[in-house]
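Everything on this sheet refers to the single structure shown next.
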Amino acid sequence: MAFLIPVLLSKRNLDMFVSSVLWLLLLSCSFSFGVESDINCLKSIKASLEDTLGYLNSSWDFNNNTEGFICNFLGIECWHPHESKVLNIKLSELGLKGQFPRGVENCTSLTGLDLSGNMLSGPLPHDIDKILTWVTSLDLSSNSFSGLIPATLSNCSYMNVLKLDNNQFSGNIPAEVNQLTRLKTFSVANNLLSGQVPPFGENIASIRRDSYANNPGLCGYPLKPCPSISQKKSLNVVRVFKSNGVTMVTAAGFGIGFVFSFSFFFF
């Protein structure tokens with residue numbers, strides 16, 4: 001029995017040692033994957049955008065193998081300066097051209113993306129929620145993005161800031177956007193949007209008229225009320241009446257009456 005005790009103890013220590021080694025290996029693999037993923041993220045972004053002013057070409061040099069080297073790139077903030085895990089990407093007003101860079105999805109710990117003030121165009125990805133899962137701040141303002149605003153943005157439940165102003169978005173603002181309960185800043189001003197403004201609720205006092213400015217087709221609080229069904233029907237009513245022997249036909253349809261007069265002469 002006394003002989004077995006050291007054996008049992010050594011076996012227990014061996015098990016603990018093996019478990020520790022496996023755990024460290026797992027952590028190492030996870031860290032390496034994270035680093036590689038974030039480096040590939042930035043490589044993809046650089047490859048997909050036209051760098052008209054040369055800012056990325058001069059700053060984003062991937063020939064460096066030192067730990068955390070991407071954290072010194074222009075517009076890149078990391079969780080820790082010596083750890084290649086991207087926290088924020090801030091590339092505003094750099095003269096970048098192209099479409100929304102899907103490679104952003106490889107920055108798996110990203111919480112902020114600012115691409116404002118560039119020359120980006122085209123539609124936003126319909127699965128943008130899969131690309132920006134953890135993002136709390138998204139600024140795409142002052143570009144030339146077009147098409148519909150993806151309803152899937154409502155799945156980015158951590159979003160605090162959403163700026164889509166000064167683009168060419170059209171159609172309705174997705175009603176699902178009001179599910180972003182953490183939202184504090186929201187702007188779609190200066191687009192081509194129409195329809196009902198989503199009711200965000202009284203708890204989001206910062207979302208005011210300015211957030212929707214210069215979208216003539218938008219209606220609903222805090223803008224002018226949307227026309228009721230009866231009002232919409234009345235826009236297509238044609239009225240006929242007579243006055244002093246002249247038959248008047250009035251058609252209302254665009255907020256301004258169009259009057260056509262027909263005179264009948266009897267001999």
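Keep in mind it's a predicted model, so treat the numbers as computed, not measured.
Judged by distance alone, with hydrogens and angles left aside, the side-chain atoms of Asp114 form no donor-acceptor pair with the main-chain N or O of Leu91 at under 3.5 Å. Judged by distance alone, with hydrogens and angles left aside, the side-chain atoms of Asn166 form no donor-acceptor pair with the main-chain N or O of Ser142 at under 3.5 Å. Using a distance-only test at 3.5 Å, with no hydrogens or angles considered, a donor-acceptor pair links the side chain of Asn88 to the main chain of Gly112. The main-chain N or O of Leu96 is found under 3.5 Å from a side-chain atom of Asn118 such that the two form a donor-acceptor pair. Judged by distance alone, with hydrogens and angles left aside, the side-chain atoms of Thr152 form a donor-acceptor pair with the main-chain N or O of His126 at under 3.5 Å. Using modelled atom types, one side-chain atom of Asp51 and one backbone atom of Asn57 make a donor-acceptor pair closer than 3.5 Å. The backbone N or O of Met159 lies less than 3.5 Å from no partner atom in the side chain of Arg182, so there is not a single donor-acceptor pair. Between the side chain of Ser59 and the backbone N or O of Leu56, no donor-acceptor pair lies under 3.5 Å. Side-chain atoms of Asn167 come within 3.5 Å of backbone atoms of Leu140 as a donor-acceptor pair (strictly under, hydrogens ignored). At distances below 3.5 Å, not a single donor-acceptor pair connects side-chain atoms of Thr185 with backbone N or O atoms of Val161.
There is no side-chain donor-acceptor pair under 3.5 Å between Asn215 and Asn191.
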Just do the side-chain contact (heavy atoms from CB on, under 4.5 Å) check on Leu74 and Leu94 with the steps written out, would you?
CA-CA 10 Å; Leu74 175 69; Leu94 296 182; 4.1 Å; yes
Could you go through the side-chain contact (heavy atoms from CB on, under 4.5 Å) check for Tyr212 and Val188 one step at a time?
CA-CA 5 Å; Tyr212 308 101; Val188 292; 3.7 Å; yes
Check the pair Ile39 / Phe62 against side-chain contact (heavy atoms from CB on, under 4.5 Å), numbers first and verdict last.
CA-CA 8 Å; Ile39 292 173; Phe62 293 97; 4.0 Å; yes
How far apart are the C-alpha atoms of Ile89 and Ile45, what are their side-chain angles, what is the distance that settles it, and do they pass the side-chain contact (heavy atoms from CB on, under 4.5 Å) test?
CA-CA 11 Å; Ile89 298 177; Ile45 292 173; 3.8 Å; yes
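Taking the six-membered ring where the residue is Trp, His82 and His80 present tilted rings, their angle falling between 30° and 60°. Using the six-membered ring where Trp is involved, Phe73 and Trp60 have ring planes that are parallel, under 30° apart on the 30 and 60° scheme. Under the 30°/60° scheme for interplanar angles, the aromatic rings of Trp134 and Tyr158 are found to be tilted.
Val86 and Asp38 get closest at one heavy-atom pair: N-OD2, 2.6 Å. Looking at every heavy atom in both residues, Ile131 comes nearest to Phe100 through CG2-CE2, 4.2 Å. Residues Ser84 and Cys71 come closest through the heavy atom pair CA-SG, 4.2 Å. Residues Lys163 and Asp139 share a closest heavy-atom pair of CB-OD1, 3.5 Å. Taking every heavy atom of both residues into account, Gly103 and Ser44 meet most closely at CA-OG, 3.3 Å. Here the closest heavy-atom approach between residue Asn143 and residue Gly117 is recorded as ND2-N, 3.9 Å.
Between Trp79 and Ser109, some side-chain heavy-atom pair lies under the 4.5 Å cut-off. Residues Glu93 and Leu115 fail the side-chain proximity criterion, which asks for heavy atoms closer than 4.5 Å. Lys85 places a side-chain heavy atom less than 4.5 Å from the side chain of Thr108. Using a 4.5 Å heavy-atom threshold, the side chains of Ser141 and Asp165 count as touching. Counting heavy atoms from C-beta outward, Leu49 and Leu120 have side chains that approach closer than 4.5 Å. In this structure, the side chains of Leu193 and Asn172 stay at 4.5 Å or more apart for every pair of heavy atoms.
Salt-bridge check for Glu77 with Lys90: passed, with a basic side-chain N closer than 4.0 Å to an acidic carboxylate O.
Aromatic rings from Phe200 and Tyr221 are positioned such that their centres are separated by 6.0 Å or more.
Between atom CD of residue Glu105 and atom SG of residue Cys107 there is a gap of 10.0 Å, rounded to the nearest 0.5 Å. Rounding to the nearest 0.5 angstrom, the gap separating the OG1 atom in Thr133 from the CG atom in Asn155 is 9.5 Å. Going from atom NZ of Lys43 over to atom OG of Ser48 covers 14.5 Å, rounded to the nearest 0.5 Å. Considering CG of Asn106 and CD of Glu36, their distance stands at 10.0 Å, rounded to 0.5 Å. Atom OG of Ser194 is separated from atom CG of Leu218 by 7.0 Å, given to the nearest 0.5 angstrom. From Ile128, atom CD1 reaches atom CG of Leu153 across 5.0 Å, with rounding to the nearest 0.5 Å.
Atom OH of Tyr55 has 12 or fewer neighbouring heavy atoms from other residues, nucleotides or ligands inside a 6.0 Å radius. The number of heavy-atom neighbours closer than 6.0 Å to NZ of Lys46, taken from other residues, nucleotides and ligands shown, is above 12.
Results of the side-chain contact (heavy atoms from CB on, under 4.5 Å) test with Ser144 over Gln168, Lys97, Met119 single out Gln168 as the only residue that passes.
Under the 4.5 Å side-chain heavy-atom criterion for ILVMFWY residues, a single connected hydrophobic cluster contains both Leu223 and Val177.
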